[in-house]
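Written below as structure tokens is the structure these notes are about.
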Amino acid sequence: MKIEIEDLRFTYPAGIEAVCGISLSIDPGEQVAIVGQNGSGKTTLVKHFNGLLQPTSGVVKVGDWDTRKVSVAKLAARVGYVFQNPDEQLFCRTVGEEVAFGPRNLGIELHKRETLVRETLQLVGADQMQHANPYDLSATWRKMVALASVLAMDTDVVILDEPTTGQDAATVDRIAHVVSELRKRDKTVITITHDIDFCAENFERVIALARGQVLLDGPTKSVVGQEDVLAQTYVEPPQLTRLGQKLGLKQTVRNQEEFLSELGRQIAL
């Protein structure tokens, strides 16, 4: 399910141009992080992928569908969107009903729907909460239920909007596990995030936006190593990347494994 964006521009009614001629493509199964300061156009760009916003000009295609010609309801079968604030998408009386709502709305038959609900709740660690009211849960667990409600729709594309904001280390690890599992299933995962460390650990491609334009787009290691350009987005490289640069490591590193490997290699020279 390839996503293709051609010269996309979007202007809000107040006259603010939030996306200024972006062209790029995201291949099926890619894991892509979109970073940049508030107002850089991240959310505006991504909301074009499921039809929540329509281009002022330009084209956005999901597979063979032009998003200008397909309803949001139809696009929901291809693109799942997990909002930053889970309270914006939770409305059922129980967790089980919440997670089942999406696949039922897509017309997925009962047996498969029950399997999707069960397996998705297990994946996010909420399998013991099926009969709980989502609003009796903590904000952290409401986040996981919102995530499960989208994953249960089994879409080819999953969008995570600031998935780690306000989450503790255990929950961040749980979300990282979900991303890893989606990668094994050849799902396309796109995240909007300020958490560059989470991005570096879990995503193979980074797109850095500033003022509605793409400043950097490439493999994660390449992007996080360009500190001067990245600074224009008001995003710092990951901590271990910066430490490696301070220590004079010859290769850019993005996580603990790469840091220790490169440090050991240089010590051995």
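Counting begins at 1 with the first residue of the sequence.
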Check step by step if side-chain contact (heavy atoms from CB on, under 4.5 Å) holds for Ile190 and Leu160.
CA-CA 6 Å; Ile190 301 166; Leu160 309 175; over 6 Å; no
Leu230 and Val224: which non-hydrogen atoms are nearest, and at how many Å?
CD2-CA, 4.3 Å
Just wondering, do His48 and Gln54 contact through their side chains at under 4.5 Å, heavy atoms?
no
To the nearest 0.5 Å, how far apart are CZ in Phe198 and CD in Glu162?
10.5 Å
Keeping Thr67 on the side-chain end and Val60 on the backbone end, is there a donor-acceptor pair under 3.5 Å?
yes
side-chain contact (heavy atoms from CB on, under 4.5 Å) between His111 and Glu109, intermediate numbers included:
CA-CA 6 Å; His111 177 71; Glu109 57 94 16; 3.5 Å; yes
Is a side-chain donor or acceptor of Thr120 paired with a backbone partner of Leu116 at a separation under 3.5 angstrom?
yes
Quick check: is Val179 connected to Ile34 through a chain of hydrophobic side chains (ILVMFWY, heavy atoms under 4.5 Å apart)?
no
Quick check: is Val32 connected to Val150 through a chain of hydrophobic side chains (ILVMFWY, heavy atoms under 4.5 Å apart)?
no
Go through it in stages, so that I can follow the logic: the residues are Cys20 and Arg211, the test is side-chain contact (heavy atoms from CB on, under 4.5 Å), and I'd like the CA-CA distance, side-chain angles, deciding distance and then a yes or no.
CA-CA 8 Å; Cys20 310; Arg211 298 176 296 280; over 6 Å; no
Do Arg254 and Glu201 pass the salt bridge (charged side-chain N to carboxylate O under 4.0 Å, His left out) test, and can you show the C-alpha distance, the side-chain angles, and the key distance before you say yes or no?
CA-CA 7 Å; Arg254 57 177 181 155; Glu201 289 277 355; over 6 Å; no
Where is the tightest heavy-atom contact between Pro86 and Arg142, given as atom of each residue plus distance?
CB-O, 3.5 Å
In terms of hydrophobic clusters joined by side-chain contacts under 4.5 Å, are Leu147 and Val95 together?
yes
Does atom CD of Glu181 have more than 12 heavy-atom neighbours from other groups under 6.0 Å away?
yes
What do the steps show when you test Thr155 against Val79 for side-chain contact (heavy atoms from CB on, under 4.5 Å), and what is the final call?
CA-CA 6 Å; Thr155 56; Val79 182; 5.9 Å; no
Please confirm whether the backbone N or O of Ala231 pairs with a side-chain atom of Glu236, one donor and one acceptor, at under 3.5 Å?
no
Could you measure the distance from the OG atom of Ser40 to the CD atom of Gln232? Nearest 0.5 Å is fine.
12.5 Å
Check whether Gln266 reaches the backbone of Leu263 with its side chain - one donor and one acceptor, N or O, closer than 3.5 Å.
no
Would the distance check show the side chain of Thr220 and the main-chain N or O of Phe203 forming a donor-acceptor pair, the cut-off being under 3.5 Å?
yes
I'd like to know whether CD of Gln256 has more than 12 heavy-atom contacts from other residues, nucleotides or ligands below 6.0 angstrom.
no
What class does the angle between the rings of Phe83 and Tyr81 fall in, given that below 30° is parallel, 30 to 60° is tilted and above 60° is perpendicular?
tilted
Using side-chain heavy atoms (C-beta onward) and a distance below 4.5 Å, is Leu182 in contact with Leu151?
yes
Leu123 side chain reached by His177 side chain, heavy atoms, under 4.5 Å:
yes
Is Val19 linked to Phe49 within one hydrophobic cluster, defined over Ile, Leu, Val, Met, Phe, Trp and Tyr using a side-chain heavy-atom separation of less than 4.5 Å?
yes
Calculate, to the nearest 0.5 Å, the distance between atoms OG and CG belonging to Ser180 and Asp173 respectively.
12.0 Å
Using a distance-only test with no angle check, is there a side-chain donor-acceptor pair under 3.5 angstrom linking Thr44 and Tyr12?
yes
Looking at side-chain heavy atoms only, is the closest gap between Glu4 and Ile26 below 4.5 Å?
no
Test salt bridge (charged side-chain N to carboxylate O under 4.0 Å, His left out) on Asp217 and Arg205; report intermediate values, then the result.
CA-CA 7 Å; Asp217 180 5; Arg205 176 182 173 189; 2.9 Å; yes
Is the count of non-hydrogen atoms from other residues, nucleotides or ligands lying under 6.0 Å from Leu24 atom CG greater than 12?
yes
Residue Glu262 excluded, over 12 heavy atoms near CD under 6.0 Å:
yes
Search all heavy atoms of Thr193 against all heavy atoms of Cys199 and return the closest pair with its distance.
CG2-CB, 4.1 Å
Ala208 to Thr233 - nearest heavy-atom pair and separation:
CB-CG2, 4.0 Å
With heavy-atom distances below 4.5 Å as the criterion, would you say the side chains of Val35 and His194 are in contact?
no
Using only atom types and a distance under 3.5 Å, with no angle test, would you say the side chain of Lys2 pairs donor to acceptor with the backbone of Lys61?
no
Other residues, nucleotides, ligands: >12 heavy atoms within 6.0 Å of Glu257 CD
no
Output yes when Arg78 and Asp64 qualify as a salt bridge under the 4.0 Å nitrogen-oxygen rule, no when they do not.
yes
Going by heavy atoms in the side chains, are Leu8 and Val59 under 4.5 Å from each other?
no
Locate the shortest heavy-atom distance separating Ala210 from Leu215; write the atom from each residue and the value.
CB-CD1, 3.5 Å
Which distance, rounded to the nearest 0.5 Å, do you find between the CD of Gln130 and the OG1 of Thr94?
7.0 Å
If you define the side chain from C-beta out and look only at heavy atoms, does anything of Glu17 sit under 4.5 Å from Arg9?
yes
In one Ile/Leu/Val/Met/Phe/Trp/Tyr side-chain cluster, 4.5 Å: Phe101, Tyr135
no
Answer whether the closest heavy-atom distance between the side chains of Lys47 and Thr43 falls below 4.5 Å.
yes
I need the minimum non-hydrogen distance between Asp27 and Thr188, along with the two atoms involved.
O-OG1, 3.7 Å
Strictly by modelled atom types, are Thr164 and Asp195 linked by a side-chain donor-acceptor pair under 3.5 Å?
yes
Backbone of Asn202 reached by a side-chain donor or acceptor of Arg183 within 3.5 Å:
yes
Under 3.5 Å donor-acceptor, Gln251 side chain and Leu249 backbone
no
Is it true that, when you exclude Arg242 itself, more than 12 heavy atoms of the residues, nucleotides or ligands shown sit nearer than 6.0 Å to its CZ?
yes
Lys143 side chain to Gln84 backbone, donor-acceptor under 3.5 Å
yes
Once rounded to the nearest 0.5 Å, what's the spacing between atom CD of Gln167 and atom CZ of Arg174?
9.5 Å
At what distance, to the nearest 0.5 angstrom, does CZ of Phe10 lie from CD1 of Ile22?
12.5 Å
